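Reviewing the structure listed below.
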Amino acid sequence: MYLVWAIVGAVIGAFVGEGMAGGVAGFAIGFLWGRTSQLRRDLDDTRRHLDALRPAAVVAASSPQRMPEPEAATHEAPPPPPSPQRPASIPPAPERAPVSAPIAPPPRPIPVGPTLAERLAASIKRWFTEGNVPVKVGMLVLFAGIAAFLKYAADTGLLRVPISVRLVLVALAAIVGVAFGWWQRDKRRAFALSLQGGAIGILVMTVFAAYRMYGLLPAGLTFALLIVFVGALGVLAVVQDAMALAVLGLAAGFAAPIIASTGEGNHVALFSYYAVLNLGILGIAWKRAWRVLNVLGFVATFGVGTVWGVLRYRPELFASTEPFLVLHFLLYLAVPWLHVLRSPKRGAAILDGCLMFGNPIACLLLQGALLDWRPLPLAFSALLAAVVYVAVAFAVRRRDDMSLLRETWAVLAVAFATIAVPLALSASVTASVFALEGAGLIWLGFRQGRRLPRWAGVFLQMAAGVAWVIAAVFDVHRSDTPLLNASFIGALLLVAGGGAGVWQFDRHGTSRGVSSVARIGLLAWAVLWWLVAFANEIDAFVFQPAPEAACWLALLSVTAVPLALACPVARKLDLGVVLAFGVPAFLFGGLVVILQAANAGVQWMTGWPLASVAVMAVAGWLALRGVAAHRVAAVASSTLWWGRWLAVFTVSIALALDASARLGEGWHLLAQSLPTLVLAALVFWGGRVLVSPLAMHARDIRYAVGALAALAMLAVGVVALGAAGSALPLAFIPVLNPVDLLLVAVLLFVARALSDDAMPRGFRSARPAALAAIFFIVATSMTLRAVHHLGGVPWNGAMAGSSLAELSLTVVWSAIGVVAWVLGSKRGQRLLWLAGAATMALVLLKLLLVDREHLGNLFGIGSFMAYGLLCTVIGYLAPAPPRQATVEPTESSHAS
């Protein structure tokens with residue numbers, strides 16, 4: 001009932017207040033008035049009910065509680081038996097007083113929950129009475145005191161202390177923290193270590209601030225202080241066996257020269273300091289197995305060295321830089337050896353792979369940069385490194401517990417010797433040699449049952465890729481023959497090497513773990529270089545957008561075929577799965593190429609693009625047959641297969657009609673939507689064509705392609721709703737024009753899809769509501785389109801201010817609401833009746849907020865009149881809502 005008051009209030013407020021604000025205020029006042037009236041009536045009913053119960057309660061309370069008597073009303077009771085003689089010590093029981101009528105107890109008060117103030121008071125009480133109360137209270141008082149002091153100090157100017165004094169006070173406090181942390185190292189270890197590290201960090205930052213921000217310290221003294229702090233931190237770490245302190249000290253140590261740098265670029269002092277730090281790391285590694293410390297030192301040293309080399313290195317600095325590179329190479333060559341010496345078990349060497357392989361790679365790259373990549377000096381450096389590795393491997397030849405380390409050094413020696421040979425040759429030839437050598441090492445490793453040659457072969461595959469990139473960047477003597485040039489053939493050899501590695505790991509490797517990673521990684525490596533090889537050729541020899549797009553579509557389509565054909569012969573499950581899912585990945589890539597080429601105006605039905613479409617058809621058919629054993633990959637591939645055809649035909653039709661000015665926009669949109677309509681028809685009535693050649697997955701493919709068709713239909717519907725839809729050269733007829741007919745087709749598709757057996761029951765039950773909402777949106781679009789073509793209202797923002805458009809929407813919406821209201825009432829369909837009522841309420845709100853501004857013209861007046869008349873029709877045909885579903889059939893039939 002209060003909703004009625006709200007609507008009445010909105011109507012009165014809109015007319016009295018003359019605007020939207022008046023309508024909203026009237027709605028709120030009417031709603032509150034109705035709600036208050038309803039609450040008042042409920043309260044009166046409750047009081048009357050209590051008053052009716054009170055007399056009965058009083059009578060029941062005033063009547064005495066009598067004990068049930070024996071049947072003495074009709075028979076005389078027998079005399080009581082003689083009582084036994086009581087002992088003298090037991091007094092006789094006193095006579096009981098006559099029982100009077102009990103007094104009715106007062107009514108119990110209705111329990112009421114605690115108020116907000118009571119709950120707040122209870123929470124405060126618990127905070128002060130539970131847990132560590134002294135700490136809580138003390139912290140509150142401390143915070144209050146500090147706040148008061150800071151305010152007083154700020155008001156009286158006590159905080160105006162010279163910056164030098166403030167920094168000294170901070171440094172003294174940090175020194176006290178270090179001392180206190182050292183004192184507490186045994187009692188509270190975690191607290192003490194954290195305090196020491198934080199305090200020394202504060203010292204480092206204080207020195208930095210004094211030097212860099214305020215200029216209070218010279219660079220030399222700053223550098224010395226930082227060395228002292230870092231050294232103290234390292235000593236504390238080793239003495240207390242605290243790796244965290246060592247890491248913090250190392251990080252601060254490597255940051256110290258950067259912090260205190262004057263910009264003069266004294267690289268000798270910088271690398272000398274870093275050499276001292278790395279010697280310290282070597283000494284710590286002799287006593288402590290802190291791998292993080294070693295890796296951090298390696299990364300910091302070579303990282304800073306690389307940055308300095310990029311920014312400051314000049315060829316004349318080679319003599320003063322090369323010794324430091326050699327020194328750090330030897331230092332981080334010795335660190336893994338120290339780990340092996342400290343191995344707790346004989347024969348179980350602890351190898352640090354990051355240092356074992358990262359050190360030679362980083363040093364080789366930095367050496368190449370120092371030598372300006374001159375082949376012969378770089379080849380000599382690689383050969384010298386091979387000699388060093390041979391020497392250290394020979395030195396530990398009799399240690400059985402260092403067999404793994406010895407083999408690793410031997411492999412690195414072979415690798416550096418291999419690198420030294422082709423450095424003077426072409427980089428593309430080097431890539432070919434590395435790729436084939438890597439494949440041979442992988443085969444040899446499996447043949448001999450040894451891991452090291454296998455992983456050396458994998459590493460050589462990576463090195464081959466680096467060599468090919470170097471050749472592509474620096475080789476200016478490129479052949480002019482497509483496909484028959486050293487770059488393309490070298491890339492294909494990389495593909496062959498990676499493929500051979502995949503084949504070996506698939507035949508002889510384990511099913512999981514590192515072998516699985518290597519198998520999948522080599523497959524990705526081979527596919528990558530396959531694409532790189534052809535992409536390089538396309539970029540070098542194809543210059544027009546249409547042939548380039550055609551080449552990419554053919555390449556991606558053909559690439560999917562060997563992956564699909566390799567699926568059935570793969571022995572390991574993970575490799576078969578990756579191969580199968582590579583097919584939909586490349587099908588998706590082809591779809592992306594088709595869509596991107598549309599922006600460049602590539603017409604797929606002519607010339608080279610048409611040939612690539614033919615290649616796409618054949619290769620796609622073969623790829624689909626190859627993944628038939630993998631259900632998910634097959635369904636995804638089939639869906640992308642139909643998605644590519646949908647994109648090809650849609651783009652081709654759009655480009656073919658783009659130059660035609662004789663057909664209106666509506667015909668263009670309808671023609672571009674034909675592939676989507678055909679795909680939707682195949683989903684419902686062309687199942688055999690849709691699922692070929694994967695009939696064993698027919699149901700899943702139908703569901704997936706149906707979802708694709710639904711998305712395409714949604715896009716078509718959204719575009720059609722916003723299209724003006726010119727019907728030239730024909731006249732515009734409402735409903736019987738291209739855009740309106742397309743919207744009707746979308747509505748029919750939704751109706752058919754929601755009634756399909758594949759839809760969950762919940763979706764099928766929501767079919768009436770969904771269709772009603774879509775029908776309402778489609779009717780609105782048709783109405784506005786008719787107003788545009790027949791009434792001359794522009795199809796832009798002016799439509800919202802048109803009184804003709806508002807009148808048309810009011811009439812159409814009201815007609816929809818009347819039909820739904822009446823049919824719902826007559827047929828007893830309450831949801832339909834509610835939809836009609838909601839539509840009428842929406843129209844009423846529209847009248848009050850929008851159409852009221854047009855009351856000065858006939859269209860606005862007609863809106864109100866039309867709504868009033870339609871409401872009158874409703875009142876005549878269906879004045880009452882349908883009965884509830886809980887009414888019995890007999891009662892409903894009797895009422896009818």
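Note: hydrogens, waters and symmetry copies are ignored here, and every other heavy atom, side chains too, is used. Everything numeric in this text was worked out from a predicted model, so none of it was measured. Positions are given from 1 along the sequence.
Across all non-hydrogen atoms, the minimal contact from Val739 to Ala720 is CG1-O, 3.4 Å. Nearest approach of Gly620 to Arg644, heavy atoms of both residues: CA-NH2, 4.5 Å. When every heavy atom of Ala654 is checked against every heavy atom of Gln672, the shortest pair comes out as CB-CD, 3.7 Å. Nearest heavy atom pair, residue Thr676 against residue Ala709, reads CG2-O, 4.5 Å. The minimum heavy-atom distance linking Ala770 with Leu754 is given by the pair CB-CD1, 3.8 Å. In terms of heavy-atom proximity, Ser557 sits nearest to Ala619 at O-CB, 3.4 Å.
Between Trp645 and Phe649, the ring planes lie parallel to each other; the angle is under 30°, not in the 30° to 60° tilted range.
A donor-acceptor pair is defined here as one N or O able to donate and one able to accept, closer than 3.5 Å; no such pair exists between the side chain of Asp539 and the backbone of Ala535. Side chain of Ser726 to main chain of Gly664: no donor-acceptor pair is present (N/O by atom type, distance under 3.5 Å, no hydrogens or angles). Proximity of a side-chain donor or acceptor of Ser612 to a complementary backbone N or O of Pro609 within less than 3.5 Å is detected. In terms of modelled atom types and a separation under 3.5 Å, the side chain of Thr783 and the main chain of Ala779 share a donor-acceptor contact. When atom types are taken as modelled, the side chain of Trp667 and the backbone of Leu728 share a donor-acceptor pair closer than 3.5 angstrom. Using modelled atom types, no side-chain atom of His630 and backbone atom of Val577 make a donor-acceptor pair closer than 3.5 Å.
More than 12 heavy-atom neighbours from other residues, nucleotides or ligands sit within 6.0 angstrom of CZ on Arg752.
Counting heavy atoms from C-beta on, the side chains of Leu679 and Leu690 come closer than 4.5 Å. With a 4.5 Å cut-off on side-chain heavy atoms, Glu537 and Leu555 do not count as touching. In this structure, Val627 and His697 have side chains that are not in contact, with every pair of non-hydrogen atoms separated by 4.5 Å or more. The shortest side-chain heavy-atom distance between Leu677 and Val716 does not fall under the 4.5 Å cut-off. Side-chain contact between Val718 and Leu714: present, with at least one pair of heavy atoms (C-beta onward) separated by less than 4.5 Å. Between Trp621 and Ser692 there is a side-chain heavy-atom pair separated by less than 4.5 Å.
Applying the ring-ring contact (aromatic ring centres under 6.0 Å, His included) test to residues at least two apart or on different chains, the pairs with a partner in residues 774-800 are Phe732-His789, Phe776-Trp813, His788-Trp795.
Atom CZ of Arg785 and atom CG of Asp740 lie 5.0 Å apart (nearest 0.5 Å). Separation of atoms OG (Ser673) and CG (Leu741) is listed at 12.0 Å; rounding is to 0.5 Å. For the atom pair CG of Leu790 and CD1 of Ile733, the computed distance is 9.5 Å after rounding to the nearest 0.5 Å. One distance of note links CG of Leu721 with OG1 of Thr780; it measures 9.5 Å at 0.5 Å rounding. Remark: Arg631 CZ to Ile701 CD1 distance equals 10.5 Å, nearest 0.5 Å. Here OG1 of Thr639 is found 13.0 Å from CZ of Arg702. Values are rounded to the nearest 0.5 Å.
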Acceptor/donor pairs from residues 582-604 side chains to any protein atom, 3.5 angstrom cut, sequence neighbours excluded:
residue, atom, partner, partner atom, Å
Gln603, OE1, Met605, N, 3.3
Gln603, OE1, Ser652, OG, 3.2
Gln603, NE2, Ser652, O, 3.2

